[in-house]
Protein chains: 2
Amino acid sequence: MIETPISPGSESGARQPGPTFAPLYRQIQALLLRSLQQGEWKPGEAIPSETELAARYRVSQGTVRKAIDELAAGNLLVRRQGRGTFVASHHEVRTQFRFLRIRPDEAGDERPEADRAPLLSRILECRRLRAPVEVARQLRLRSGEPVVQIRRLLELEQPAVLDEIWLPGARFRGLSAERLSAYSGPLYGLFEAEFGTRMIRATERLKAIAADRSLARSLKVPEGSPLLLVERLSFTYEDQPVELRRGYCVTARHHYYNELN
Amino acid sequence: MIETPISPGSESGARQPGPTFAPLYRQIQALLLRSLQQGEWKPGEAIPSETELAARYRVSQGTVRKAIDELAAGNLLVRRQGRGTFVASHHEVRTQFRFLRIRPDEAGDERPEADRAPLLSRILECRRLRAPVEVARQLRLRSGEPVVQIRRLLELEQPAVLDEIWLPGARFRGLSAERLSAYSGPLYGLFEAEFGTRMIRATERLKAIAADRSLARSLKVPEGSPLLLVERLSFTYEDQPVELRRGYCVTARHHYYNELN
DNA sequence: TAGTGGTCTAGACCACCGT
DNA sequence: CGGTGGTCTAGACCACTAA
């Protein structure tokens with residue numbers, strides 16, 4: 001099966017420089033993106049070789065290459081010399097620390113490698129309910145639509161993070177506390193494997209707040225203790241928001257790590 | 001003047017695939033980096049065109065292009081179609097918000113554009129002293145070497161951030177409270193223009209802490225209030241650390257914004 | 001050894017910018 | 001208009017991986 005993008009100028013018809021003009025490699029990129037989204041290639045699998053894709057789309061290898069380059073830069077694909085190009089997966093170690101920014105103060109100053117930290121995740125709750133207004137707004141649901149709420153405790157040594165997670169109910173049917181507890185490994189790994197939902201990017205807002213009674217009890221800190229609140233909105237393909245998460249972190253022996261480039 | 005990198009394989013001598021092998025475009029990149037560091041082209045200025053550079057280094061335009069691509073991706077250079085390639089500068093609006101991550105809660109949800117926020121910076125103190133152990137360690141100085149310490153208050157509406165900044169004394173001779181107060185605009189703009197020191201990248205560690213008496217007074221919040229502590233280490237060329245900064249932020253009406261890709 | 005991604009070249013043409 | 005960066009091609013060779 002051959003999909004044909006607009007032909008390049010030197011071959012036949014010309015691209016229209018009109019208002020919707022996009023370079024060839026971006027069109028290829030969009031086609032690749034569509035295939036990824038539709039699951040033509042699954043996370044962890046290899047996509048066709050550059051030569052194959054060039055033939056399929058009837059463009060030069062260089063053009064395919066540039067399309068893939070950007071997707072790889074965006075962490076959607078992973079290039080491996082001599083082996084092929086693979087669909088990125090949250091199961092890989094390399095991808096892990098892209099979203100987990102809380103680190104122990106002493107360890108992993110910059111290299112979160114060989115890090116077999118005893119990261120324990122304890123599911124406290126998993127229930128379905130109608131989306132509160134603010135949650136609905138951020139997830140772009142109608143307020144009152146069903147959502148899944150998860151509460152879990154992350155322990156890196158001491159109890160460190162209490163997460164409150166909201167997910168669209170429709171997309172995450174059949175998600176239960178049992179299923180969550182049975183699964184070991186990153187949450188996003190489960191989401192991608194069991195629900196076909198891959199988190200692509202996220203925005204975060206951080207604040208310092210004082211622990212209320214409930215948080216204090218869960219995290220075993222005095223009431224009023226300063227906590228780091230990390231509010232995250234995660235997106236899948238097409239910039240669809242699919243997870244709202246509020247993490248309350250004890251930062252006595254941990255910190256949130258960030259790099260500015 | 002012509003500088004000659006190792007010739008490409010197809011032309012004459014071959015690159016040695018030895019342990020120190022680097023592709024041609026990386027060698028060009030290193031040469032460009034050296035010119036940038038040595039100030040051959042100043043921030044805001046244009047560097048020579050791709051064709052010129054290709055001639056100078058005796059490589060093809062495509063190779064120069066790839067070298068520049070990566071430097072542009074790292075925010076060291078800025079490409080402008082039809083005009084040329086320019087040395088990035090902290091004076092440009094585009095670069096501003098790369099390092100300033102504190103935002104008002106309501107505004108600038110994702111687009112920090114057209115943002116003429118009344119950002120007031122009041123210098124409280126600027127003095128020279130001997131580097132405390134921890135500061136010396138992070139700035140890679142011998143403990144006791146001279147450093148400049150700056151304290152300043154940033155007001156976005158209410159007083160919002162108290163910054164404590166340490167700089168290597170040798171690199172920042174002649175820096176004074178007067179000079180700082182006289183300068184309006186981003187601090188890093190002053191550093192790059194007056195001291196030839198351009199901040200390239202930074203690492204940050206964030207924690208939630210309780211305001212002690214001194215902080216409480218400066219920021220006009222009750223003692224014990226939760227504050228967001230942002231500890232930043234900034235680097236210039238060659239991964240030289242040249243600024244240590246501790247920012248204490250009131251996050252009642254502001255937050256720290258971050259994007260995960 | 002065959003196949004993959006990675007580098008490099010040379011040349012053509014296009015889009016954008018200032019003059 | 002001329003110069004700049006941006007796109008696209010075709011072909012060569014290299015480095016890495018797995019069978």
Side-chain angles (χ1 to χ4, degrees), chain A residues 4-30 32 41 45-73 77-88, chain B residues 4-30 32 41 45-73 77-88:
Chain A
T4 309
I6 300 176
S7 302
S10 53
E11 281 236 323
S12 55
R15 266 167 298 149
Q16 310 303 332
T20 53
F21 162 78
L24 236 198
Y25 77 90
R26 285 212 178 278
Q27 302 178 39
I28 306 300
Q29 206 178 84
L32 292 174
W41 315 300
E45 287 179 13
I47 70 173
S49 74
E50 296 182 352
T51 330
E52 273 181 84
L53 290 170
R56 169 185 325 187
Y57 298 130
R58 304 178 141 286
V59 298
S60 81
Q61 196 208 353
T63 301
V64 170
R65 175 154 266 273
K66 183 148 190 184
I68 291 180
D69 275 344
E70 290 200 3
L71 295 178
L77 296 175
V78 179
R79 293 174 164 291
R80 288 188 200 137
Q81 185 174 126
R83 307 224 280 128
T85 302
F86 299 77
V87 182
Chain B
T4 309
I6 301 177
S7 302
S10 54
E11 281 237 322
S12 55
R15 269 166 296 149
Q16 311 302 332
T20 53
F21 162 78
L24 235 199
Y25 77 89
R26 285 211 178 279
Q27 302 178 38
I28 306 300
Q29 207 177 81
L32 293 174
W41 314 300
E45 288 180 11
I47 71 172
S49 74
E50 295 181 352
T51 330
E52 273 181 84
L53 290 170
R56 176 196 304 199
Y57 297 132
R58 305 179 139 287
V59 297
S60 81
Q61 196 208 354
T63 301
V64 170
R65 175 155 264 273
K66 183 149 190 184
I68 292 180
D69 275 344
E70 291 201 2
L71 296 178
L77 296 175
V78 180
R79 292 174 163 293
R80 285 185 202 141
Q81 184 174 116
R83 306 226 279 129
T85 302
F86 298 77
V87 183

### Message
Suppose we screen for side chain to side chain donor-acceptor pair (under 3.5 Å). Which residues come up paired with T63(A), at least two apart in sequence or across chains?
### Response
S60(A)
### Task
With the side chain of P23(A) defined as its heavy atoms from C-beta on, choose the nearest nucleotide among dC8(D), dG5(D), dT9(D).
dC8(D)
### Query
Please give, in whole Å, the distance from dT7(D) P to Q61(B) CD?
12 Å
### Message
By nearest atom, which of the nucleotides dT9(C), dT9(D), dG6(C) is closest to the R79(A) side chain?
### Response
dG6(C)
Write out a two-atom table: protein N or O, nucleotide N or O from nucleotides 2-4 of chain D, distance below 3.5 Å.
| from | atom 1 | to | atom 2 | distance (Å) |
| --- | --- | --- | --- | --- |
| dG3(D) | N2 | G82(B) | O | 2.9 |
| dT4(D) | O2 | G82(B) | N | 3.4 |

### Message
Rounding to an integer number of Å, can you tell me how far I28(A) CD1 sits from dC8(D) C1'?
### Response
11 Å
### Task
Round to a whole Å and report the spacing from CZ of R65(A) to C1' of dC13(D).
14 Å
### Query
Where the side chain of E45(A) meets the backbone of V87(A), is there a donor-acceptor pair that is under 3.5 Å apart?
no
### Query
dG5(C) P sits how many Å from F86(A) CZ, rounded?
9 Å
### Query
Residues two or more places apart in sequence or in another chain: which of them pass side-chain contact (heavy atoms from CB on, under 4.5 Å) with T51(A)?
S49(A)
### Summary
R58(A) CZ to dC8(D) P, in whole Å, measures 17 Å
### Query
Hey, is the side chain of K66(B) poking within less than 4.0 Å of OP1 or OP2 on dC8(C), counting only N and O atoms?
no
### Query
Quick one: E70(B) CD to dG6(C) P, roughly how many Å, whole number?
12 Å
### Task
Please state how far atom CG in D69(B) lies from atom C1' in dT7(C), giving the value in whole angstrom units.
14 Å
### salt bridge (Lys or Arg N to Asp or Glu O under 4.0 Å) partners for E70(B), two or more places apart
R26(B)
### Query
Mind checking what makes salt bridge (Lys or Arg N to Asp or Glu O under 4.0 Å) contact with R79(A), not counting sequence neighbours?
E50(A), D69(A)
### Query
Between L53(A) (CG) and dT9(D) (P), how many Å, whole number?
14 Å
### Message
Which residues pass the side-chain contact (heavy atoms from CB on, under 4.5 Å) test with Q81(B), not counting sequence neighbours?
### Response
none
